[in-house]
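Every heavy atom of this structure was used, including side-chain atoms; hydrogens, water molecules and symmetry mates were not.
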Amino acid sequence: MSSSSATNPSTADETLRAQIFQRLHPRVYLERFIAEKIRPDGRTFDEWRNVSVNVGSISTADGSALVRMGDTTIVCGVKAEIAEPELDRPDLGYLVPNIDLPAICSPKFKPGPPAEEAQVLSDRLNEALVASGVLSLSSLCIHPGKAVWTLYVDCTCINYDGNAFDAALLAMLGALRNTTLPKATYDEETGRTTCSRKTRSPLQLTRNFASTSFGVLDTSHVLSDPTAFEEPLMDVTLTVIVDDRGELISTTESGGAISEETLLRCINRAKERVLQLKD
C-alpha cells in the first residue's frame, strides 16, 4: 500500500509534465523520440498502424465500408442516382467523391462550412480515382445521351488521428467494391428509366491499388503513416499510390522537395504496403 502510494503520484506527475512539454514544445518532443529511433506511439519509423476494413455496414447505401487505421476511423457510403449525361460525353456517367471532417472527429476542426482541408482532400481523392482508372465511366451508361448513373461516394471521418487521405481512399475503394446497381432500362417512348428491384450487378472495377503516406523530418527521417500529432511537424509529406502489380499511379509532395533516393525508398515501401493491404 505504502509502496503503491509512493510511486503512483510521481508517475502521474511525470506523465503530466510530459504532456505539458509535448504541448508547449511539440517539435523538440518529437525530435527526442526520433533520436532514440522510435516514435511517440511506440512505432518504429517504418511501422504502419493496424488497419481493418468492414464492408456493407450501411444498409441504406448501395455500397459502404468502414475503415480503421490506428485511431483514424472513416465510414464511406455510395449512393447511386440516375442523371442525364453531358452533351459532349453522352456515354459517360459520373463519379463524385467527397469527404467530410466534422468537428466531432477532432478538436482540430470547427463547426460550420466544410474546412479547407476537407475540400483539398476531396480534390485529391477525385484525382486519385481518375488517375487510377479504377472504374470506367462508360460502364455507368444506361442509354447514351439519355441516362447514366451518378455515384456519390461520401466519406465521413468519425475519429481523426492523422493520415485521413490513405484511410479515406481505402474506404472509398472498399465501398465501391461493395456497391451493386439495379438493372436499369431506358424507354425511348416515355423518356423514363426504370430500375429492377430484383436484379443487381456489381461495379466493374479494373484495378486494385492503395495510397501510402509518409512524413519526412530533417530530410533524413522518413515516418510511415504519420499521426495527427506528427503530421504538422513534418518538413515534407509524400503520398505514393501504386497498384498490386507494382505499377506507380501517382506521387504527391507538399511542403518542399525530397531527394530522389528518399522518393525511391518510399515507392518501394509503398509497393510492399499495397500487397500487405491486399492480403
Side-chain angles (χ1 to χ4, degrees), residues 53-67 74-100 114 118-156 165-211 241-245 247 249-250 274 277-278:
V53 181
N54 296 303
V55 298
S57 51
I58 305 176
S59 59
T60 55
D62 293 295
S64 62
L66 175 70
V67 167
I74 290 183
V75 63
C76 180
V78 177
K79 196 66 179 174
E81 294 183 2
I82 296 173
E84 288 187 12
E86 295 181 2
L87 291 175
D88 58 344
R89 303 196 307 170
D91 60 343
L92 300 184
Y94 305 95
L95 188 62
V96 187
N98 183 65
I99 185 169
D100 184 25
Q119 295 174 345
V120 171
L121 276 177
S122 293
D123 290 342
R124 289 182 60 202
L125 289 164
N126 182 57
E127 290 170 3
L129 292 175
V130 170
S132 68
V134 65
L135 176 66
S136 171
L137 296 183
S138 61
S139 68
L140 300 178
C141 181
I142 299 170
H143 190 94
K146 299 297 182 180
V148 296
W149 286 110
T150 298
L151 301 184
Y152 295 98
V153 190
D154 293 321
C155 281
T156 298
F165 180 81
D166 287 3
L169 187 60
L170 194 59
M172 285 184 172
L173 291 172
L176 287 171
R177 290 191 190 99
N178 181 246
T179 297
T180 58
L181 298 178
K183 182 179 180 181
T185 306
Y186 178 79
D187 190 319
E188 294 193 49
E189 292 185 4
T190 63
R192 293 182 177 180
T193 303
T194 56
C195 296
S196 169
R197 294 185 177 181
K198 296 181 180 179
T199 307
R200 299 183 70 94
S201 301
L203 296 177
Q204 301 169 24
L205 301 185
T206 60
R207 213 169 189 184
N208 187 26
F209 64 96
S211 63
I241 302 178
V242 295
D243 67 14
D244 57 0
R245 293 171 295 184
E247 293 184 12
I249 296 173
S250 68
V274 73
L277 291 173
K278 182 182 178 181

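- Annotation: side chain of Pro97 is in contact with side chain of Leu129 (closest heavy-atom distance under 4.5 Å).
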Worksheet item: Between Asp62 and Thr179, does a side-chain hydrogen bond (donor to acceptor under 3.5 Å, both in side chains) hold up when you go through it step by step?
Response: CA-CA 5 Å; Asp62 293 295; Thr179 297; over 6 Å; no
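- To the nearest 0.5 Å, atom OG of residue Ser64 and atom CG of residue Leu176 are 11.0 Å apart.
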Could you pull out every donor-acceptor pair under 3.5 Å between side chains of residues 89-96 and any protein atom, sequence neighbours left out?
from, atom 1, to, atom 2, distance (Å)
Tyr94, OH, Glu84, O, 3.0
Tyr94, OH, Glu86, N, 3.0

Practice prompt. Evaluate the criterion side-chain contact (heavy atoms from CB on, under 4.5 Å) for residue pair Leu151 and Leu135; output intermediate values, then yes/no.
Written response: CA-CA 11 Å; Leu151 301 184; Leu135 176 66; 3.8 Å; yes
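- Distance check: Cys76 SG to Asn98 CG gives 10.0 Å after rounding to the nearest 0.5 Å.
- Separating the CZ atom in Arg192 from the CD1 atom in Ile82 is a distance of 12.5 Å, to the nearest 0.5 Å.
- Ile58 places none of its side-chain heavy atoms less than 4.5 Å from the side chain of Leu66.
- Considering every non-hydrogen atom in both Val67 and Val53, the closest pair reads CG2-CG2, 3.9 Å.
- A distance-only check finds a donor-acceptor pair linking the side chain of Ser122 to the backbone of Ile99 [under 3.5 Å].
- The environment of CZ in Arg207 is crowded: more than 12 heavy-atom neighbours from other residues, nucleotides or ligands sit within 6.0 Å.
- Distance check: Cys195 SG to Arg200 CZ gives 9.0 Å after rounding to the nearest 0.5 Å.
- Interatomic distance, Phe209 CZ to Leu173 CG, rounded to the nearest 0.5 Å: 4.5 Å.
- You'll find the side chain of Leu170 stays beyond 4.5 Å of the side chain of Ile74, heavy atoms only.
- Contact of the Cys155 side chain with the Met172 side chain is registered, since non-hydrogen atoms from C-beta on lie closer than 4.5 Å.
- Proximity of Leu140 to Leu181: side-chain heavy atoms (C-beta onward) are separated by under 4.5 Å at one or more points.
- Scored by the salt bridge (charged side-chain N to carboxylate O under 4.0 Å, His left out) test, Asp187 finds no partners at all (sequence neighbours excluded).
- The shortest heavy-atom contact between Val55 and Gly174 is CG1-O, 3.8 Å.
- At least one side-chain heavy atom of Ile142 sits less than 4.5 Å from a side-chain heavy atom of Trp149.
- Partners of Phe165 according to the ring-ring contact (aromatic ring centres under 6.0 Å, His included) rule, which considers only residues two or more places apart in sequence or in another chain, do not exist here.
- One distance of note links CG of Leu121 with CG of Asn126; it measures 12.5 Å at 0.5 Å rounding.
- Contact of the Val148 side chain with the Leu137 side chain is not registered, since no non-hydrogen atoms from C-beta on lie closer than 4.5 Å.
- Using a 4.5 Å heavy-atom threshold, the side chains of Glu188 and His143 count as touching.
- A side-chain contact (heavy atoms from CB on, under 4.5 Å) with Arg177 holds for exactly one of Val78, Val134, Asn208; it is Asn208.
- For Ala65 against Ala175, the heavy-atom pair with the smallest separation is CB-N, 3.5 Å.
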